Asker: 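Got a structure here, written out as structure tokens. Questions coming.
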Amino acid sequence: MRIVCPFCGERELGEFTYLGDAKPQRPAADASEDAVYDYVYLRDNIAGVMSEHWYHGGGCRSWLKITRNTLTHEISTVEPAAGAGAAKVGA
Amino acid sequence: MAGVQANRLANGGLIDRLVSLNFRFDGKSFSGFQGDTLASALVANGVKLVGRSFKYHRPRGILTAGSEEPNALVELRSGARCEPNTKATTAELYEGLEAASQNRWPSLRHDLMAVNQLFAPIFVAGFYYKTFMWPAKFWEAIYEPAIRRAAGLGRAAGIADPDHYDKAWAHCDVLIAGSGPAGLAAALAAGRSGARVILCEEDFALGGRLLSDGGTIDGMPAAEWISRTLTELVALPDVRIMTRTTLFGVYDGGTYGALERVNDHLPSPPEHQVRQRLWRIVAKRCVVAAGAIERPIVFAGNDTPGVMMASAMRTYVARYAATPARRIALFTNNEDGWRTVETALGAGLQVAAVVDARPDVSPAHRSLASKGGFPVLNGSVSAVDGGKDGVSKISVSLTGGARAEVEADGLAVSGGWNPAVGLTSYHRGRPKWQDNIAAFVPDGAPPGMVAVGAANGAFTLGACLSQGFAAGAQAARDAGRSGKAGSVPVAADEAFSLTPLWHVAGKGKAFVDQQHDVTASDIELAQREGFESVEHLKRYTTLGMATDQGKTSNVAGLAIMAAVTGKSIPETGTTIYRPPYVPVAIGAFAGHHRDENFHATRLTPSHHWAAEQGAIFVDTGLWKRAQWYPRAGEKDWLESVTREVKAVRSGVGFCDVSTLGKIDVHGPDAGAFLDRVYINTFSNLAVGKARYGLMLREDGMVYDDGTTSRLAEEQYFLTTTTAKAGPVMQHLEFCRQVLFPELDVQLTSVSDQWAQFSIAGPKTRDLLREIVDPAEDLSNEGFPFMGAREVALRGGIKARLFRISFSGEMAFEISVPARHGDALVRNLMQAGAPFGVTPYGTEALSVMRIEKGHVAGPELSGTTTAADLGLGKMMSTKKDFVGRVMAGREALVAADRQVVVGIKPTDKASRLRSGAHVIPKSEIPGPGNDQGYVTSVCFSPTLDQWIGLGLVERGRERIGEIVHAHDPLRGEDYDVELCNPVFYDPDGGRQRG
């Protein structure tokens with residue numbers, strides 16, 4: 001598999017680490033235990049197009065949000081995480 | 001005797017008769033020529049019997065002339081280079097080649113294991129499942145060893161492979177698999193268009209079937225066209241031709257696996273060269289011109305040596321000028337098989353008869369038969385007489401019911417051709433059935449790939465050239481190349497006709513899968529027993545599961561299953577295709593990553609110095625760390641480690657701790673960021689101070705620990721454990737980039753930038769004053785416990801000094817830029833000599849941390865909470881942090897959790913071992929009363945007995961209780977006392993002094 005890193009260009013799979021579903025958002029500090037439980041443990045297991053977190057540890061150390069079809073491994077988009085590269089969001 | 005090649009034609013063939021090569025097969029000497037394969041050289045020497053079959057030990061000969069060969073497998077070379085299951089049909093002949101037949105005892109001609117044939121009724125489909133059900137323990141002891149001796153293929157060398165293997169990357173616009181007419185035409189079109197082309201050919205010669213079948217292209221003989229084409233391709237700037245290279249796999253994103261047999265054609269690789277190279281090729285487009293494989297027809301005795309695929313027979317005659325038989329018969333169901341007759345007649349061989357299953361044979365072929373003086377029999381071969389010396393007589397069932405017999409010493413068989421659909425089907429593609437050729441053809445292909453020519457079911461020369469050329473030109477355009485492809489090579493299309501025929505009923509074993517000894521009746525039995533699905537059929541009978549992956553057998557097996565179930569072949573379907581297309585040695589996948597190069601090795605800055613001291617090293621992850629420093633006269637590790645501990649506790653010692661992960665945390669929000677990743681607070685840490693921090697996973701379990709120092713208002717220096725250096729960096733980057741992108745903070749991994757040493761013991765300051773600039777104040781007031789700041793060393797180098805202690809002694813950690821690490825350690829030794837400075841290793845480090853009750857890897861097991869470790873009070877209630885909410889779950893704060901406690905045997909002379917289970921005293925150990933286990937142990941020189949830490953249910957409430965340590969693994973039982981985990985200096989006065 002090849003991933004086009006927005007900072008480094010097209011690189012080989014071995015440079016990246018997979019984390020998982022990028023959809024769950026970390027609940028706010030005052031969220032209930034149930035909400036945090038869902039965030040930590042509940043994941044969709046999608047056969048098809050999925051948004052995922054990948055880490056370019058063998059390159060620029062950016063976290064990436066990748067849209068991938070889990071059936072074909074086709075990657076449609078690669079976006080940097082909100083805080084990747086830039087020092088601060090909205091700075 | 002060497003030198004006599006009785007079955008070699010006087011003329012012709014693509015062999016170099018000036019280069020004679022001697023070789024040995026089963027100890028007998030033979031000779032062949034440059035350009036031979038082992039198989040063609042054996043044919044030229046009249047050797048028909050080359051192996052014994054897998055289960056029944058039936059005599060077997062050479063069936064094919066390519067990588068699809070099921071039978072002619074040999075052990076090639078000897079000693080450490082012995083390679084079992086090597087196909088004689090692809091092994092190139094070289095001077096001194098040694099090969100041995102497989103699966104026979106005591107010899108190939110007199111194989112006593114052939115007695116297995118008498119037991120054939122029990123070796124049927126599902127044999128393993130039916131026979132070895134009971135009792136279970138008999139499997140390993142009796143059944144498996146017996147079967148392994150009796151059945152099987154070659155033997156592994158059993159000693160390490162002395163050769164090197166390489167791995168490499170290549171990138172191109174257009175990758176082409178196969179150099180037959182379709183592949184060469186594709187390469188011409190793509191190359192002329194300006195594309196970067198890689199052409200892979202598994203053979204050592206380019207041309208594919210053209211080498212055996214010839215033909216006329218652009219008005220010239222095929223050989224001349226090949227030669228002109230190669231001249232043109234070589235002159236193109238970006239066309240790379242790789243022979244002896246098999247494309248074996250297709251992976252995501254246009255990545256392909258190829259195996260280049262760089263030096264398999266030599267006795268051993270030349271110095272500094274590799275035997276094989278595994279290529280990963282990234283290609284924008286791929287043209288599969290991998291050809292087709294001729295398929296057998298299944299009939300009784302079809303495995304007799306001398307029965308050969310028709311195309312293989314003409315390859316031996318035409319390409320190698322070697323005659324597999326003197327008087328041949330042909331059994332065909334299609335037009336193409338007749339080419340073998342033409343080739344045989346052309347070479348002066350006798351043709352005994354042609355058995356053609358088709359009702360109509362063309363007038364041209366009938367006149368060829370009458371000219372050649374042989375009969376054309378309409379019908380099928382129903383049996384073959386013969387044995388280990390080859391075919392002697394062929395029985396024919398004529399259409400209409402009559403029978404005939406044909407005397408011949410070789411039988412060529414053609415059941416039609418199967419396109420090589422492997423590469424196009426590796427992404428779970430299912431090929432589709434094409435009626436007019438009665439074969440599966442690719443139904444689409446992975447992205448960027450297209451099949452052409454025979455691999456696409458186009459069996460005629462004209463179609464191969466035009467399809468290949470068009471695909472090559474299109475691939476180049478798709479890759480963004482716009483050059484002119486020029487004119488397409490032209491050839492006529494041969495006549496084609498085929499009447500499907502898969503299996504001829506008859507008496508005797510009729511083999512479908514010759515490598516796994518699967519017969520037609522095995523398939524019928526599988527159907528009767530309910531294993532009708534092709535995937536079940538495959539696993540129940542082992543059809544197609546041998547090293548050839550059923551290249552000559554799968555489709556025939558499906559066809560027979562279809563016939564007995566009354567379904568069509570497409571309804572029956574194919575099994576899933578998976579790479580590799582040909583066997584690939586594990587050595588090629590490993591490449592240079594073996595032995596000491598299995599993984600990268602990280603050396604600490606003091607490594608070379610430590611090696612000079614004779615240190616014993618231990619592997620921790622990729623690192624080599626000094627474990628202890630033995631001195632002359634010390635009888636074991638314990639004596640050395642005990643000395644090192646005592647030296648630190650009474651004087652001064654140092655230890656390289658550079659392996660700890662080190663991360664610089666910079667920015668206005670650095671403190672706020674650390675507050676969110678640690679359970680305790682760092683934003684209120686004063687500049688010039690260090691603090692111990694603990695971080696959790698989001699599920700509430702402890703992730704890692706370490707000290708973090710504030711070097712400036714907006715700069716912290718964070719350390720991690722050695723094991724988690726990489727993962728913590730990744731975790732923190734996730735927190736920074738994904739969870740908290742609003743924070744203005746940057747992280748830099750500086751693990752390799754700093755050489756860091758722990759200097760510990762009551763004389764630490766005395767030693768440091770010899771190293772540090774005298775202007776620096778190291779007094780307790782000037783540099784108090786948990787102080788951290790930059791200092792100048794004598795000579796001017798800047799260092800960072802941290803007053804932290806893992807040993808419990810008065811201690812500092814000093815870090816200098818890594819390039820100065822070696823100088824620093826030598827200076828410490830020199831300056832410390834008057835104080836008896838003692839280097840200590842990771843064992844002494846561990847002893848002292850256990851004596852102090854500090855947790856480490858065994859306690860940070862991923863299943864412990866901060867409270868389990870006795871660090872629950874560190875959890876801030878004033879802020880949010882990763883893991884906070886989940887750490888509060890009911891089970892994680894339960895009163896009966898297993899928590900860290902000290903453990904020591906009641907008998908001071910008794911040894912304590914980690915892993916022992918803690919059971920209430922006087923109870924019989926069992927899962928119901930298992931209350932925890934011993935995590936870390938050491939011999940404490942300070943207490944003069946074995947001590948340890950453990951995770952024990954309600955441990956901290958039970959200090960002083962005597963419990964039972966049960967160690968079923970080592971068969972040990974003894975009583976231990978639960979105690980305060982801080983065995984040494986519990987009030988911490990020494991480290992603050």
Side-chain angles (χ1 to χ4, degrees), chain A residues 1-4 7 10-14 16-20 22-41 52-65 68-75 79-91, chain B residues 167 169 171 251-255 280 282-284 427-429 446-448 663 666-670 673 675-676 696-701 726-727 729-749 878-890 892:
Chain A
M1 208 155 95
R2 315 273 298 171
I3 295 174
V4 182
F7 302 104
E10 183 180 317
R11 297 296 185 93
E12 204 267 326
L13 176 68
F16 299 86
T17 314
Y18 177 76
L19 182 72
K23 212 164 46 176
Q25 297 291 310
R26 188 171 191 271
D30 57 356
S32 68
E33 188 181 304
D34 284 351
V36 179
Y37 181 90
D38 288 357
Y39 165 69
V40 172
Y41 289 107
E52 302 169 330
H53 277 132
W54 289 74
Y55 178 59
H56 195 190
C60 59
R61 283 208 291 261
S62 288
W63 278 93
L64 305 173
K65 208 163 136 181
R68 183 177 69 106
N69 187 324
T70 59
L71 295 176
T72 63
H73 297 180
E74 187 193 347
I75 291 171
E79 294 165 21
K88 179 185 169 188
V89 171
Chain B
K167 284 192 282 194
W169 284 92
H171 298 257
Y251 305 93
D252 292 307
T255 308
R280 279 173 288 182
V282 181
K284 294 195 177 94
H427 284 196
R428 290 185 87 83
I663 300 169
H666 275 260
D669 294 330
F673 175 77
D675 285 350
R676 297 200 196 178
L696 307 184
R697 300 190 307 231
E698 198 72 272
D699 68 359
M701 296 297 178
M729 185 69 196
Q730 179 173 340
H731 168 69
L732 294 184
E733 287 287 12
F734 183 78
C735 294
R736 182 184 77 81
Q737 298 178 33
V738 179
L739 300 184
F740 315 121
E742 70 280 9
L743 297 181
D744 190 356
V745 60
Q746 287 292 318
L747 307 172
T748 311
S749 171
K878 298 194 181 83
K879 59 164 183 133
D880 187 30
F881 54 87
V882 171
R884 177 185 62 89
V885 177
M886 290 291 94
R889 279 179 295 167
E890 197 180 339
L892 271 67

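Keep in mind it's a predicted model, so treat the numbers as computed, not measured. Proteins come first, then strands; the chains are lettered A, B, ... in the order of their sequence lines, and each starts at number 1.
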Asker: Report which part of A:Val40 has an atom under 4.5 Å of a heavy atom belonging to chain B: side chain, backbone, both, or neither.
Answerer: side chain
Asker: If you tally heavy-atom pairs under 4.5 Å against chain A, which of B:Phe734, B:Tyr251, B:Phe740 wins?
Answerer: B:Phe734
Asker: Search all heavy atoms of A:Tyr37 against all heavy atoms of B:Met886 and return the closest pair with its distance.
Answerer: N-CE, 3.6 Å
Asker: Could you look at A:Tyr55 and say if it's the side chain, the backbone, both or neither that has a heavy atom under 4.5 Å from chain B?
Answerer: side chain
Asker: Name the region of A:Thr72, side chain, backbone, both or neither, that has any atom closer than 4.5 Å to a heavy atom of chain B.
Answerer: backbone
Asker: Indicate yes or no for a side-chain donor-acceptor contact from A:Arg26 to the backbone of B:Val738 under 3.5 Å, with no hydrogens or angles considered.
Answerer: no
Asker: Just to verify, what does A:Arg2 make a salt bridge (Lys or Arg N to Asp or Glu O under 4.0 Å) with, not counting sequence neighbours?
Answerer: A:Glu10
Asker: Please check this pair: side chain of B:Gln737 against backbone of A:Arg61, looking for a donor-acceptor N/O pair closer than 3.5 Å.
Answerer: yes
Asker: Of all of A:Ser62, A:Ala28, A:Pro27, A:Ala22, which one pairs up most often with chain B through heavy atoms under 4.5 Å apart?
Answerer: A:Ser62
Asker: Would one find more than 12 heavy atoms of other residues, nucleotides or ligands at under 6.0 Å from atom NZ of A:Lys65?
Answerer: no
Asker: Between A:Arg68 and B:Asp252, does at least one N-O distance fall below 4.0 Å, as a salt bridge requires?
Answerer: no
Asker: Please look at B:Val282 and chain A and tell me whether the side chain, the backbone, both or neither of the residue comes under 4.5 angstrom of a heavy atom of that chain.
Answerer: side chain
Asker: Can you tell which of B:Thr255, B:Leu747, B:Asp880 has the highest number of heavy-atom pairs within less than 4.5 Å of chain A?
Answerer: B:Asp880
Asker: Between A:Val36, A:Ile3, A:Leu13, which has the largest tally of heavy atom pairs under 4.5 Å with chain B?
Answerer: A:Val36
Asker: Which bit of A:Leu19 is near chain B, if near means a heavy-atom gap under 4.5 Å: side chain, backbone, both or neither?
Answerer: side chain
Asker: Please state whether the side chain, the backbone, both or neither of A:Glu12 comes within less than 4.5 Å of a heavy atom of chain B.
Answerer: side chain
Asker: Most heavy-atom pairs under 4.5 angstrom with chain B, which of A:Ala31, A:Ala29, A:Ala81?
Answerer: A:Ala29
Asker: Is B:Arg889 close to chain A through its backbone or its side chain, or both, or neither, when contacts mean heavy atoms under 4.5 Å?
Answerer: both
